[in-house]
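The structure that follows is given in the form of structure tokens.
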Amino acid sequence: MPAVTHLIPSHMGRPSDDPIFSLHHEAALRKRRGEDIVDATIGVLLDDDGELAILPTAARAVREVSTRDWATYAPIAGTAEFRQAVVDELLDAAPELRSSATAVATPGGSGALRHAIANFLEPGQAALTTDWHWSPYKTLCDEADRRLETFAMFRGPREGGGLDVSALDAALAAQLARQGRALVFVNDPAHNPTGYSMTEGEWQGVVDCLGARASEAPVTLVVDCAYLLYGPGEPKPWAARLRPLAGKVPVLFAWSASKSYTHYGLRVGALVACVADDGERAMVASALSYSCRGTWSNCNRGGLVAITRLLVDPSMAESCALERAALKAELTARVNTFNRCARERGLRYPRYDGGFFVTVFDERAREKAEAMRARGVYVVPQVQESGAGVLRVALCAVAEKDVSRLVEALA
């Protein structure tokens, strides 16, 4: 007689750990054993000595939070001061969006994405994003009994012919016809995993596409801006571009303090929802707060207090900006070295101007990653159902002196 299984069938056979973290743990274990390892798996910024890069001012803000604030519950939706500070900082260059914004605190950007999926799609429906994407998007959809569908990210050669807006439009039209609504994820700037940052023209194309399709059925845009302050050029490239969507397409921002303030374990984030209609905005605020109560109840009050201070205190904000600029310069040096070495070795990859990650196109991604692993160089393989593959490289975690070795292994 077979043993009784109490776990529901749809949850059977799930992996116990994220593959990225599994590879990172293996690489770390080999390092502790004395092996010479290059670990380009985990999305945290390390300095060139291999130590976690931490903004001193952010660390001071965390230390100076009172015991009472660490111990006390936060309001369900997060403190009012934190929510307003995030809205003001994020949308300072887009007053039309700021005036229509509501926000809730979430445990990191992941919590923000979870709330977007659960509140803007019905069970069984699918979110839409690029074919190359942060793999937990699918996990988040699956856990919420939703699905994830994709469109080809790049037009022309897969190695980065620019964002394929026509592919987005075709996929969006098909999805609206099939399920009567759409939730579109755009990860920009410094896209994870490709490192690609959209041009103004590409943003304009996305806005035009979504605005036109919104006349057919409800369309909601999620801007995943986890790497907002590490991309090239203007840190908020969408600020002016998104204005035409006001009143047509609700714009949600998955905001995270993890990378911006180098405190990944603090788990402070927010979902900011810009909804033009007053009545609908009130309903969205209530729905998001209800979701907080139904999942994690409260975020970490001490973390919210610390990040709020970093956002609103002018001297601390300026200090963080200077410290972050130094870290970004260190990262940019790695990017420049990677681009030089990668071009010399003929690697195929998208335009890469900055950010934590880059991907190298390889049709034998899994086999290549295994061969590199044997040589002590760790990257993360990603393979689509079509067989197209890439190697995800977390340059944020690789010292500049090791970049040439990393490129040689990739080549």
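Just so it is clear, the values below take in all heavy atoms, side chains as well, and ignore hydrogens, waters and symmetry mates.
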_Over 12 non-hydrogen atoms of neighbours within 6.0 angstrom of OH in Y290_ =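 Not more than 12 within 6.0 Å, no.
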*Does the side chain of R267 pick up a donor-acceptor pair with the side chain of S258 at under 3.5 Å?*
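Side-chain D/A pair, R267 to S258: present.
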_Nearest non-hydrogen partners of G180 and A217, listed with the distance_ =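 That would be O-CB, 3.5 Å.
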_Could you tell me if Q204 and R241 have a donor-acceptor pair between their side chains, going purely by distance under 3.5 Å?_
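The answer is yes; a qualifying pair exists.
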*Would R373 count as a cation-pi partner of Y378, with NZ or CZ less than 6.0 Å from the six-membered ring centre and within 45° of the ring normal?*
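Cation-pi check for R373 and Y378: fails.
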*Taking all non-hydrogen atoms of both residues into account, name the closest pair between P75 and T79 and its distance.*
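Smallest heavy-atom distance, with atoms named: CD-CG2, 3.8 Å.
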_Main-chain N/O of D131 paired to H133 side chain as donor or acceptor, under 3.5 Å_ =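 Yes: the side chain of H133 pairs with the backbone of D131.
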*Among side-chain atoms of W203 and D188, is any donor-acceptor pair under 3.5 angstrom?*
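A donor-acceptor contact under 3.5 Å links the two side chains.
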*Is K248 reaching over with its side chain to a backbone N or O of R213, donor-acceptor style, under 3.5 angstrom?*
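No.
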_Hydrogens and angles aside, do Y227 and N187 bring a side-chain donor and acceptor to less than 3.5 Å of each other?_
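Distance-only check fails for Y227 and N187.
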*Under a 4.5 Å cut-off applied to non-hydrogen side-chain atoms, are V275 and S100 in contact?*
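Side chain of V275 against side chain of S100, heavy atoms only: no contact under 4.5 Å found.
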_As a quick check of understanding, evaluate salt bridge (Lys or Arg N to Asp or Glu O under 4.0 Å) for D48 and R334, giving each step before the final call._
CA-CA 10 Å; D48 277 340; R334 300 173 197 176; 3.1 Å; yes
